Amino acid sequence: MTDQPNWIIRPALRQDADALRRCIDAAYERYVGKIDGLPSFSDGIITDIEAQRVWVAERDEAIVGGLFLIFNDRFAVLANVAVDPSAGGLGLGKGLIRRAEEECRKRGLPELRLNTHIHMPENVSLYEHL
């Protein structure tokens with residue numbers, strides 16, 4: 001018997017924007033000041049939500065993760081995956097990436113692409129593992 005996760009992943013709603021922004025900022029806080037030239041990962045949240053390309057992970061009615069996808073005719077781009085450090089170790093990163101794969105299959109897209117920063121070893125390790 002496998003344990004069910006104690007979180008859900010659902011499409012983001014406009015009213016999730018502030019909580020999602022806080023989640024993203026918390027997820028990347030450890031890199032601020034350590035990696036030069038990092039972009040703002042939370043810019044354009046409302047636009048992305050309205051374009052229906054954002055999902056949130058929710059635990060105990062709190063936003064603890066986010067997934068941003070960009071779709072085109074041939075593939076999808078995993079633009080951002082963020083997990084609040086308070087929810088680390090719950091399998092949220094894996095769950096969010098699995099949701100990205102499901103969204104690709106729904107749209108008939110055979111490929112999911114992503115980029116990450118070489119100085120974010122936890123991300124590189126997760127992506128290589130999956």
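Because only heavy atoms are used, hydrogens play no part in the values below, and waters and symmetry mates are left out as well, while side chains stay in. In this chain, numbering begins with 1 at the start of the sequence shown. Only a predicted model underlies this, so the values are computations on that prediction, with no experimental measurement involved.
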Begin with the C-alpha distance, continue with both residues' side-chain angles, and end with the deciding distance and a verdict on salt bridge (Lys or Arg N to Asp or Glu O under 4.0 Å) for R22 and D25. CA-CA 5 Å; R22 286 190 296 274; D25 291 346; over 6 Å; no
Check the pair L67 / V54 against side-chain contact (heavy atoms from CB on, under 4.5 Å), numbers first and verdict last. CA-CA 6 Å; L67 167 67; V54 182; over 6 Å; no
Charged tip of R53 within 45° of F71 ring normal and under 6.0 Å: no
With rounding to the nearest 0.5 angstrom, report the CZ to OG distance, R59 to S86. 7.5 Å
Could you tell me if the side chain of N80 sits less than 4.5 Å from the side chain of Y28, heavy atoms only? yes
Salt-bridge present (D16, R21; N to O < 4.0 Å): no
Under the side-chain contact (heavy atoms from CB on, under 4.5 Å) rule, what do V77 and L69 come out as? Steps first, then yes or no, please. CA-CA 6 Å; V77 177; L69 295 172; over 6 Å; no
Taking side-chain contact (heavy atoms from CB on, under 4.5 Å) as the definition, give me every residue that meets it alongside A87, ordered by chain and number, with sequence neighbours left out. V64, V83, L90, L92
Nearest heavy-atom contact between L96 and A57 is CD2-CB, 4.3 Å
Nearest 0.5 Å, please: how far is CG in L78 from CD1 in I70? 9.5 Å
Any side-chain heavy atom of L13 within less than 4.5 Å of one from V56? no
Less than 4.5 Å apart, side chain to side chain, heavy atoms only: is that true for I45 and I24? yes
Can a salt bridge be assigned to the pair E103 and K106 using a cut-off of 4.0 Å between side-chain N and carboxylate O? yes
Rounded at 0.5 Å granularity, tell me how far SG in C23 sits from CG in D18. 13.0 Å
Sequence neighbours excluded, which residues qualify as side-chain contact (heavy atoms from CB on, under 4.5 Å) partners of N72? R74, F75
So how far is it from L109 CG to E111 CD, rounded to the nearest 0.5 Å? 9.5 Å
Before you tell me yes or no, could you show the steps for I46 and R14 under side-chain contact (heavy atoms from CB on, under 4.5 Å), namely the whole-Å CA-CA distance, both residues' side-chain angles and the distance that decides it to 0.1 Å? CA-CA 6 Å; I46 294 292; R14 186 178 180 89; 2.9 Å; yes
Quick one: pull up CZ in R10 and CD1 in I63 and give me the separation to the nearest 0.5 Å. 4.5 Å
Could you grab the distance from atom CD of Q15 to atom CG of L20, nearest 0.5 Å is fine? 12.0 Å
Should we count CD of E102 as having more than 12 external heavy atoms under 6.0 Å? yes
